[in-house]
2 protein chains.
Amino acid sequence: MRFPALFEHLSKLAAIPPSEWERAELLGKEQTVDRKALFLRPGDASDRFSIVLQGVFRLVRVSARGGESVKAFRAEGDLLGAYSEMLQGKPSMTAIEALEPSRVLVFRAADLQALEQGHTCWVQLARSVAEKHFLLKEQREQEFLELSAEERLERFWEEHAHLHRRIPQRDVAAYLGITEVGLSRIVSRRRRQQAAASGASQ
Amino acid sequence: MRFPALFEHLSKLAAIPPSEWERAELLGKEQTVDRKALFLRPGDASDRFSIVLQGVFRLVRVSARGGESVKAFRAEGDLLGAYSEMLQGKPSMTAIEALEPSRVLVFRAADLQALEQGHTCWVQLARSVAEKHFLLKEQREQEFLELSAEERLERFWEEHAHLHRRIPQRDVAAYLGITEVGLSRIVSRRRRQQAAASGASQ
DNA sequence: ACGTCGCCTTAACCTGGGTTAACCAAGGTC
DNA sequence: GACCTTGGTTAACCCAGGTTAAGGCGACGT
């Protein structure tokens, strides 16, 4: 088994027999991605997907007006790809950029479909992945509906504590749907309030 | 076949043999829901799901602060239920309210699981449903990230033209993440602009 | 040591939409 | 007919966050 940590990680989503995993592992090709390099760019075919072995990525959507918004971050163990475009068989509208020197394990979508024929655990995995992605997006929807930017920021760091100091603030802003300037303002406001509170209590 | 229109509707998601559909139909119980009645309330078990035969529903999430936000509307042919809570095996955190006198076809989640054992088309359907829900939520995420309330309103009516005049404006507002007052302002602003534009061109 | 590039901060000003509250029209109900 | 609701509108005021523009500062390459 080349990637036992990965096996363990995926086992949380579906019961994959080790023998199946060992077959699957062989289909993946390791690849390194330089910091700031685009692992996927808009217009590319969405016929591959990957798993992050090391590093952090951001998934960026460039809007018609030229603004960038960040759909998600991906780190060790996460799936990496233009998931929704793959589901729709469309070319990618998403750019994927490495924020650190990274390594990924690349699979061809067609290979996964072949695996699905051989063992139902892969179908179950695909379903779990779809459901998990849905739950994450729904949570995000709810945050946009109910929370202010400041509250969304707080939630973000609760959910992404493991990425602390690994993603630049401007990308966090683009993920929260606010500007770099707005985020900086919120952060410094909170800093001041915390300082005032701890000063007052002493 | 009791519900041929429904069969046709679901066939867009997965290839269901008519014989399977006829077995499934028998498991559903028809139920009427009065206008303004809660078909599901927060705290209820999420062990049933339904299909709308007639009418319109809104899925409401009541936030901690008491504010209401609308997660979705459901009309003829749509699935109706606390989907994400069902996936997580949690009781519903969502209220489902009929906006019109409505009729639904109710299934027990356990019955669907039994069907899945008998024919893989139901597994495929479950997967398609998850993927479709994901795509919708991702689109909504993107709208929150990139669009103003006014632009979201415009998109909303493009996507939901079939619900025109069937949902009250306040619910549209709660769906867009703005207040009733804010929406009214946007609507009247657009009315004025249109009037000015058409007046000028004549 | 020196520019400069990338990322962050701060300040000044502006605006979309929140909040509150008054008001209206259309149905129901007595 | 007098009176509620229920859903929508409008106005006055307020504030979070957008926009623009000007630094700050550490990490570089030379």
Side-chain angles (χ1 to χ4, degrees), chain A residues 34-38 56 58 60 63-70 73 97-101 143-157 163-195, chain B residues 34-38 56 58 60 63-70 73 97-101 143-157 163-195:
Chain A
D34 293 341
R35 180 177 129 89
K36 302 214 145 197
L38 289 183
V56 187
R58 60 177 192 145
V60 182
S63 75
R65 298 143 187 74
E68 280 194 352
S69 54
V70 171
F73 299 99
E97 186 191 319
L99 297 176
E100 300 176 353
E143 290 171 3
F144 278 116
L145 282 171
E146 301 184 358
L147 304 181
S148 67
E150 178 162 0
E151 292 166 314
R152 294 205 299 281
L153 174 65
E154 196 163 346
R155 286 272 182 100
F156 177 82
W157 283 124
L163 295 180
H164 193 54
R165 290 270 126 208
R166 295 176 78 186
I167 35 189
Q169 198 145 298
R170 65 164 55 168
D171 291 326
V172 176
Y175 178 83
L176 296 176
I178 61 179
T179 57
E180 190 184 8
V181 180
L183 178 53
S184 177
R185 191 157 33 199
I186 289 170
V187 169
S188 65
R189 183 166 65 225
R190 306 191 87 227
R191 251 201 311 267
R192 269 198 308 279
Q193 284 170 356
Q194 285 194 345
Chain B
D34 292 340
R35 180 177 129 89
K36 300 215 150 194
L38 289 182
V56 188
R58 59 178 193 144
V60 181
S63 76
R65 297 143 188 74
E68 281 194 350
S69 54
V70 172
F73 299 99
E97 185 192 320
L99 298 177
E100 299 175 354
E143 290 172 3
F144 279 115
L145 282 170
E146 301 184 357
L147 304 182
S148 67
E150 177 163 2
E151 291 166 314
R152 293 205 299 282
L153 174 65
E154 198 163 345
R155 286 274 182 98
F156 177 81
W157 283 125
L163 295 181
H164 193 53
R165 288 273 125 204
R166 295 176 76 186
I167 35 188
Q169 198 146 298
R170 66 164 52 166
D171 292 325
V172 176
Y175 178 84
L176 296 176
I178 61 179
T179 56
E180 189 185 9
V181 179
L183 178 53
S184 177
R185 191 156 36 198
I186 290 170
V187 169
S188 66
R189 182 165 67 226
R190 306 190 89 225
R191 253 202 310 266
R192 270 200 306 280
Q193 283 170 357
Q194 285 193 347

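Reminder, nothing fancy here: chain letters follow the sequence lines and each chain counts from 1.
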Taking all non-hydrogen atoms of both residues into account, name the closest pair between [X] and [Y] and its distance.
{"X": "B:Glu68", "Y": "B:Ala174", "result": "O-CB, 3.9 Å"}
{"X": "B:Gln169", "Y": "B:Ser184", "result": "NE2-CA, 4.0 Å"}
{"X": "A:Leu38", "Y": "A:Glu97", "result": "CD2-CB, 3.7 Å"}
{"X": "B:Ile178", "Y": "B:Ala149", "result": "CG2-CB, 3.7 Å"}
{"X": "A:Val172", "Y": "A:Phe73", "result": "N-CZ, 4.2 Å"}

Atom-to-atom span, [atom1] of [X] to [atom2] of [N] - whole angstrom:
{"X": "A:Glu150", "N": "D:dC15", "atom1": "CD", "atom2": "C1'", "result": "13 Å"}
{"X": "A:Arg35", "N": "D:dC28", "atom1": "CZ", "atom2": "P", "result": "9 Å"}
{"X": "A:Arg192", "N": "C:dT9", "atom1": "CZ", "atom2": "P", "result": "12 Å"}
{"X": "A:Ile186", "N": "D:dG18", "atom1": "CD1", "atom2": "C1'", "result": "12 Å"}
{"X": "A:Arg189", "N": "D:dG17", "atom1": "CZ", "atom2": "C1'", "result": "9 Å"}
{"X": "B:Asp171", "N": "D:dG7", "atom1": "CG", "atom2": "C1'", "result": "10 Å"}
{"X": "B:Leu145", "N": "D:dG17", "atom1": "CG", "atom2": "P", "result": "15 Å"}
{"X": "B:Gln193", "N": "C:dG16", "atom1": "CD", "atom2": "P", "result": "10 Å"}

Is the distance from OP1 or OP2 of C:dC7 to the nearest side-chain N or O of A:Lys36 less than 4.0 Å?
-> yes
Before giving the answer on side chain to side chain contact (heavy atoms under 4.5 Å, CB included), spell out for B:Gln193 and B:Arg189 the whole-Å C-alpha distance, their side-chain angles and the decisive distance to 0.1 Å.
-> CA-CA 6 Å; B:Gln193 283 170 357; B:Arg189 182 165 67 226; 3.8 Å; yes
Among the candidates D:dG8, D:dG17, C:dT9, find the nucleotide nearest to the side-chain atoms of A:Ser148.
-> D:dG17
Per nearest nucleotide of DNA chain D, the residue lying toward the 5' end, B:Val187 or A:Leu183, is B:Val187
Kindly state which residues belonging to residues 173-182 of chain A come within less than 4.0 angstrom of DNA chain C, counting heavy atoms of the residue only, listed by number.
-> A:Glu180, A:Val181
Sub-3.5 Å donor-acceptor pair from the side chain of A:Arg152 to the main-chain atoms of A:Leu147, do we have one?
-> yes
Can you find a donor-acceptor pair, distance only, under 3.5 Å between B:Arg185 side chain and C:dG18 base?
-> yes
Is there a donor on the side chain of A:Arg170 or the base of C:dG6 sitting less than 3.5 Å from an acceptor on the other?
-> no
